Amino acid sequence: MGGNISAVIGVFSLVSVLAGALFAVGRLRGRRGIATPGQRATYEVLHTAGLAAEPLRAGLNPAGAAKAARHLRTLVGAEGLALTDTDDLLALDGRGAHHRDQLRTAARRVIASERSTVLGEAELTCDRIDCPVRGAVVAPLGGASGRITGALVAVTDGAPAPGLVQATLETAHWAGSQLALAELDSSRERLARAEVRALRAQISPHFIYNALTAIGSFVRTDPERARELILEFAEFTRYSFRAHGEFTTLAEELRSIDRYLTIERARFGDRLQVRLQIAPEVLPVTLPFLCLQPLVENAVRHGLSRKPGTGMVSIEARDAGAECHITVEDDGVGMDPATLTAGIAELAGSTGDPGDDPGQHVGLSNVDERLRSVFGDGFGLVVETGVGSGTKVSMRVPKFHPGVRAGS
């Protein structure tokens, strides 16, 4: 696992260097007479690699392979180039179409052995008198897990020269790195969806039961109130269990939280007080879906529900220049900071206190990890608490962040 991570870090570093070189050479290229032939050649190689990288980063599939193949053929300098997965030939650009079956068979052998091979005329026999194809180089394509996911095949009119063989092997290694990054992107998306599902599972068991119990208490005494609460509950669950979107806006998250608090106020009555301080200019800020809701729910569940008398939950969102600063605070029973730290670190159940609920640790840890994975390590949760002193949870959210869009 460590080797894979190191390899990916190396790829990211290489991409950063190449991007910087591409920008510099691009500027030189725009000034005719300044760029040297070597710089122009570097630009052409990097530009072509960039064109091939985009479809490869979508994964190894027929559509992406077809787009990438022609750019990879330019990089290799072959008369034809094919891409395969573990089962079939996905795309072929240039010469060699009537050798598809032979190329597919050779690719399967390379994938099984995980070793590149060079094909000569004996392996590429053909009934066509005018066929110019005389050789091919077949190299495996690796993935993030270290397994071989496909093969790259360079077709040539003559016997494969050492330069073509080396170019094919290096291009296959680079293409494999792009596919590895595609796998990591896909894994990250699956993990994000799994984390959201975990939060939904955390919300559903206790809250749905309590909400329905609270609504049921009004059915006979105040039918209109019961009807309003049912509508609020329906909208809350619709938002919480929606099937799309890893991100949402602060406005949408607060709207859902208002529905949640409406139902909880029906349950706790005057015992639950709520204070909101929201700067209008931060309402459009985009943040991970369901990252604020668990904090408010924790404030009610773990702060006020075990506190005698009235309790206050305060939600504040303020403009801080390039960031939005959000805090959720309660004046409930609080807890020992060491116990909270141990619980989050272990993602564990009870830490020894019979009254402690493991859902609090899991919820906070989930939100903290999602914020850090999206925005960076500097944007995790900050928790301030103490026994009998309530709890304050703070987060910072960038107003603008590349690749983060509400509803994406």
Side-chain angles (χ1 to χ4, degrees), residues 37-38 41-42 44-143 146-180 182:
T42 299
E44 296 299 339
V45 170
L46 294 177
H47 179 66
T48 304
L51 294 175
E54 184 175 353
L56 288 175
R57 288 292 297 273
L60 196 56
N61 56 70
K67 292 179 181 178
R70 65 189 184 93
H71 301 301
L72 293 176
R73 182 163 75 91
T74 301
L75 287 176
V76 173
E79 281 73 35
L81 187 134
L83 288 172
T84 81
D85 59 13
T86 55
D87 297 318
D88 201 4
L89 194 150
L90 301 178
L92 190 151
D93 185 76
R95 292 177 185 167
H98 57 289
H99 290 281
R100 293 179 69 95
D101 291 341
Q102 295 166 324
L103 298 178
R104 182 189 299 112
T105 301
R108 287 175 178 172
R109 288 199 305 266
V110 164
I111 292 169
S113 67
E114 300 186 6
R115 296 175 63 88
S116 60
T117 188
V118 177
L119 306 179
E121 291 188 58
E123 294 89 358
L124 295 173
T125 57
C126 179
D127 295 334
R128 289 177 50 176
I129 300 176
D130 61 340
C131 176
V133 175
R134 294 292 182 270
V137 183
V138 188
L141 295 172
R147 63 186 177 87
I148 303 302
T149 58
L152 184 149
V153 185
V155 178
T156 177
D157 288 355
L164 177 68
V165 173
Q166 190 61 36
T168 302
L169 296 180
E170 291 298 327
T171 301
H173 178 72
W174 175 83
S177 299
Q178 301 304 308
L179 295 173

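Worth knowing before you read on, the calculation uses all heavy atoms, side chains too, and leaves out hydrogens, waters and symmetry mates. Residues take their numbers from the sequence shown, with the count starting at 1. Predicted, not measured: the structure shown is a model, and the values here were computed from it.
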Give every donor-acceptor pair under 3.5 Å between a side-chain atom in residues 158-165 and any protein atom, sequence neighbours left out.
none

Task: Non-hydrogen side-chain atoms of Thr74 and His71 separated by less than 4.5 Å - done: no
Open item on the list: Using the side chain to side chain donor-acceptor pair (under 3.5 Å) criterion, which residues pair with Asp87? Sequence neighbours excluded.
Closed with: none
TODO: If a pair satisfies side-chain hydrogen bond (donor to acceptor under 3.5 Å, both in side chains) and one of its residues is in residues 89-98, list it, with sequence neighbours excluded.
DONE: Arg73-Asp93, Arg95-Asp157, His98-Arg128
Task: side chain to side chain donor-acceptor pair (under 3.5 Å) partners of Asp127, counting only residues at least two apart - done: none
Open item on the list: I want to check something: taking the side chain as every heavy atom from C-beta on, are Val45 and Leu75 in contact at a cut-off of under 4.5 Å?
Closed with: yes
Open item on the list: Taking Leu51's backbone N and O only, do any of them form a donor-acceptor pair with Glu54's side chain (distance below 3.5 Å, no angle check)?
Closed with: no
Open item on the list: For a 4.5 angstrom cut-off between non-hydrogen side-chain atoms, does Leu56 reach Trp174?
Closed with: yes
Open item on the list: Taking salt bridge (Lys or Arg N to Asp or Glu O under 4.0 Å) as the definition, give me every residue that meets it alongside Arg134, ordered by chain and number, with sequence neighbours left out.
Closed with: Glu121
Open item on the list: Filter on salt bridge (Lys or Arg N to Asp or Glu O under 4.0 Å), then keep only pairs touching residues 170-179, sequence neighbours left out; what's left?
Closed with: none
Task: side chain to side chain contact (heavy atoms under 4.5 Å, CB included) involving Ser116 - partner list, sequence neighbours excluded - done: Ala139, Pro140, Leu169
- [ ] Using the salt bridge (Lys or Arg N to Asp or Glu O under 4.0 Å) rule, collect all pairs that involve residues 59-69, keeping only residues at least two apart or in two chains.
- [x] none
- [ ] For Ala151, enumerate each residue passing the side chain to side chain contact (heavy atoms under 4.5 Å, CB included) test, keeping only those at least two apart in sequence or located in another chain.
- [x] Thr84, Ala107, Ile111, Val138
Task: Minimum side-chain heavy-atom gap Leu141-Leu83 below 4.5 Å - done: yes
Task: Test side chain to side chain donor-acceptor pair (under 3.5 Å) applied to Thr156 - qualifying residues, sequence neighbours left out - done: Glu79
Open item on the list: Do Leu124 and Leu103 have side chains that approach each other closer than 4.5 Å (heavy atoms only, starting at C-beta)?
Closed with: yes
Task: Note, His99 side chain near Val133 side chain (heavy atom, < 4.5 Å) - done: yes
Open item on the list: I'd like to check the side chain to side chain contact (heavy atoms under 4.5 Å, CB included) partners of Arg109; sequence neighbours left out, ordered by chain and number.
Closed with: Thr105, Ala106, Leu119
